[in-house]
Each structure stands twice: as C-alpha cells, then as structure tokens.
Amino acid sequence: MPTDPPVMPETQAPWQPRDRLRITAVRPIVTAPEGVPLVVVRVDTSEPGLYGLGCATFAQRFHAVAAAVERHVAPMLIGRHPGDIADIHRMLHYSAYWREGPIGNNALSGVDMALWDIAGKRAGMPVYELLGGRVRAAAPVYLHAGGATIADTLDQARALMASGVTHVRLQTTQPGLGSYGTPRAGGGYPDAPYPDGWDAQHYLRTTPELFRQARQELGEEVELLHDVHSRLTPKQAVTLARALEPYRLFFLEDPIPPELYDRLPEVRAASPVPVAAGELLSSVPDAARLVLGGGVDVLRLHLSAIGGLTPAVKLVALCELTGTRTAWHSPADVSPVGMAANLALDVTTAAFAIQEGHVYPDPVHEVFPGTPMIEKGCLSPSDGPGWGIDLDETQAAKHPPTTHAHERWAARIRRPDGSLEPP
Ligand code: GCO
Ligand code: MG
C-alpha cells in the first residue's frame, strides 16, 4: 500500500479550511508531441477524479522546471486546501527568498493554473466565468507567415487570409542562420570570419521591402505584424519603425532586447507604429513598470514565465486602467493549457488587442484532448469546467522530450564577424 506523502506543518494555512478537500499530489509531466518540450503540472486532490492542470512550459530549461516542481514545490503543498490560490501563490513566491526567475515562476505557474482549473471544476464553471465572464464572443488570432523569399511569405499570408485569418505576422529569410520564424540559409557571407552570420544592416534594408510588397499584394484591410526578436539597437529600431510607417503595422514586436527596455519609450515616441514587448519578462514588477513607464502599446507576456494566471489578472487590470492592450505569447512552446489561460483572459478584458495563434498538430490534440482549434480566424475558450482541457498520460509518454531546437539555434546566431546576437 502506498503511504500518503508527509504534510509539511510550516506550509499549512493558519486558518481552518472550510471543508475537507486537500491537495494530495503535485507532479510535473513533460511531453514533446510537436518536438517542443511542454511542461504541465498536475495537482491531485482528496476528491476522487478532481485534479487540475497548469502550464509550466520553459522549453529551453524543462528539466530544471520539472525538478523545481518535484523537489521544492510539491512537498509544500500536500495537505493544503486547493481553494487558497492567492495564499499558495504568495507562499511559493516568498519561500525561495530570492524572487523567482523563469524556472521558479514556471513551476509556480504550473501550480497556479492547476488550482484555477480545480476551482472551475468545483464550481462547474469555465475559468473565464470565474474571472467575471465574457466581454467578447471569441479572440481573433494572428498567425505566422515566414517564407524563404518575400514571394513565399506572401503566398503563406494569402493562404492564411483565405482561411479567415485577419492578422498575419510576416517574416522573411535573411542571409545566414540568424533569421527568426523562417527557413534558415547558411553561408550568406562566404568571405566573412563567420560565413553563416546574420547582418542587422541587411535586415534593416530589406524588411521595409517585404512590407511594401505585402501592402501592394495583400491589400489594405489585412492587419500586418512583425517580430524583430530583440535584434536591434534603440536607434536601429527607430530607423525600422519609421521605414515601416507607410505600411500601417498592427504592431512591431520586440524591437530591442529586454536588457534595454528602459529605452522602449523613446522607440515608441519616435514613430506611430505600435510597439509590443514583454514575452521575455519573468518579473511581475518589471511588467508593471513596462506598462506604467510607457514602454509598450501592447503587453505580451508568456504567462507561465511570470507565475501564471493570478499575477496576469492583476496586470490585465493595470492594462485596462492605462489604455495598454494585450497580446499574450502563445507559439508552439506554450502548452494547450497555457493557451487556455491566455484565452480566459482574452475574452474577459477590454484591454485585449489580439491573441498569438498556433495550429497544434494532431499529436498535440491526442495528448491534450480539448485543445482549442482556430475557426474563422478566432479561438474560443472551452465551455467545459476549469480549462476544459485534459492530458492523456499514455499518449504523453509516447513523446519524450529532447533539447529544444530553439536552444541549439540560438547558440549559432552570430554576426558575420562571429560575435553573438540576442536570438
Ligand atoms: C513569438 C516568439 C517565439 C519565441 C519562442 C522561443 O513571438 O512567438 O518570439 O516564437 O521565439 O517562444 O522559444
Ligand atoms: Mg516574439
């Protein structure tokens, strides 16, 4: 007979829970059905069949997140009431003393989102109703068009538009291995010290041409977006933003790296192009400062990196009150559970601008029954209780994780002179 794991007396609440429901187990599940390591936390309770799932996906450091959940977080939660979401969040946050970075925050998010899932299941309500209910029918998404040439990129964009997508992010291959979001072309600079290098000046010269042709060929109505992926200096970012002005971007994402976020207000002030940033933040106060300091038109967080739904709800309120809008990060390295959390926020706030979309392939749907699907360019949260998403552990075990390709790619993004670029 397995024995119950021990309760840690110090981490129990100093009040009497209102019923006998208790957390009995907390564990990470790592699976890579799309080749990208996804980390999900499962929280079990003393009520048979009542459990919750939360996204803890930090694809580049998945072993560390799983260890943090298993070794540090889980023992503190056994015996706690799963309804004490706010207190558990604060306790885990402070218990590390050093404020958590992305590893600890992802572990925290896995627990936090799982507790919201349990809360929804206990209430028989989707999480979006726990947050106050819908203010919109569905969340329009943007999808990615990224070709080896401008013509390829525009072909991909046309196909997305034909499927009903109204917002398209455009990227095109640059010489070298450094292009983000497109096929990579090595050997672009055969005479350089590093022939596979990527060159910012080339990128600055050619990107406006991509958008000129896009407006010409795709028309005036489609909304166009672009992700710089942190590659530019503040002055280069201003140069690019100004050059893109005639093409009326919906937003220009991550023009400069997070280390330079203090310079975002000057990039924003230099051009009417809306600036989106934030996916690389893991500090909630830093995200609040980005909003309050006028650094962004659109806040874009990876929810699990900042600790889950609980802090995100507070930042959404800040966005509503300051006229900032939201576009949560959600490419392949956000699990369907994390996507569900994004959607719960999207449909419940007036601050919503757009949702990054991802078309999960079949193996992801097999592992995560209930994964949302894009219809007519929009995503809707499940109406099932909690997130309305399950995790089939037998299917998950068929997809063991390996090192994320992004991690290996980032190590080779260098200028033609051989020096590293922010990825
Ligand atoms: C985006 C992002 C991602 C990141 C990825 C890193 O805007 O969708 O920049 O594609 O590169 O999440 O692992
Ligand atoms: Mg991005």
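Order of listing sets the numbers, starting from 1, for every ligand and every atom in it. Being a predicted model, the structure only gives us computed values, none of them experimental.
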Return all side-chain donor-acceptor pairs below 3.5 angstrom for residues 401-409, not counting sequence neighbours, or 'none' if the list is empty.
from	atom 1	to	atom 2	distance (Å)
His406	ND1	Gln60	NE2	3.3
Glu407	OE2	Arg61	NH1	3.1
Trp409	NE1	Leu177	O	2.9

Report task. Please work out which of the three classes, parallel, tilted or perpendicular, describes the rings of Trp198 and Tyr203, given edges at 30° and 60°. Result -> tilted
Report task. Could you verify whether a donor N or O on one side chain and an acceptor N or O on the other, from Asp196 and Tyr189, lie under 3.5 Å apart? Result -> no
Query raised in the report: Any donor and acceptor pair, going by atom type alone, linking the side chain of Arg42 with main-chain N or O of Pro28 inside 3.5 Å?
Result: no
**Report entry** Ion pair Asp297/Arg268, N-O distance below 4.0 Å
**Finding:** yes
Requested in this report: Return yes if a side-chain donor-acceptor contact under 3.5 Å exists between Tyr180 and Asp254, otherwise no.
Outcome: no
Could you tell me, for ligand 1, which of its N or O atoms are under 3.5 Å from any protein N or O, listing the pairs and their distances rounded to 0.1 Å?
from	atom 1	to	atom 2	distance (Å)
ligand 1	7 (O)	Asp227	OD2	3.1
ligand 1	7 (O)	Glu253	OE2	2.9
ligand 1	7 (O)	Glu279	OE1	3.1
ligand 1	7 (O)	Arg300	NH2	2.9
ligand 1	8 (O)	Glu356	OE1	3.3
ligand 1	8 (O)	Glu356	OE2	2.5
ligand 1	9 (O)	Asp227	OD2	3.1
ligand 1	9 (O)	His229	NE2	3.0
ligand 1	9 (O)	Glu279	OE1	3.2
ligand 1	9 (O)	Glu279	OE2	2.7
ligand 1	10 (O)	Tyr180	OH	2.4
ligand 1	11 (O)	His229	NE2	2.7
ligand 1	11 (O)	His406	NE2	3.1
ligand 1	12 (O)	His329	NE2	3.1
ligand 1	12 (O)	Asp333	OD1	2.8
ligand 1	12 (O)	Asp333	OD2	2.9
ligand 1	13 (O)	Gln60	NE2	3.0
ligand 1	13 (O)	Asp333	OD2	2.5

Query raised in the report: In terms of side-chain heavy atoms, does Thr153 have a donor or acceptor partner in Thr172 at a distance below 3.5 Å?
Result: yes
Query raised in the report: Counting no waters, what protein N/O/S atoms lie under 2.8 Å from the Mg ion (ligand 2)?
Result: Asp227 OD2, Glu253 OE2, Glu279 OE1
Donor-acceptor pairs under 3.5 angstrom involving side-chain atoms of residues 325-334: please list them, not counting sequence neighbours.
from	atom 1	to	atom 2	distance (Å)
His329	ND1	His302	ND1	2.8
Ser330	OG	Asn342	ND2	2.9

Query raised in the report: Do Leu108 and Val73 have side-chain heavy atoms sitting under 4.5 Å apart?
Result: no
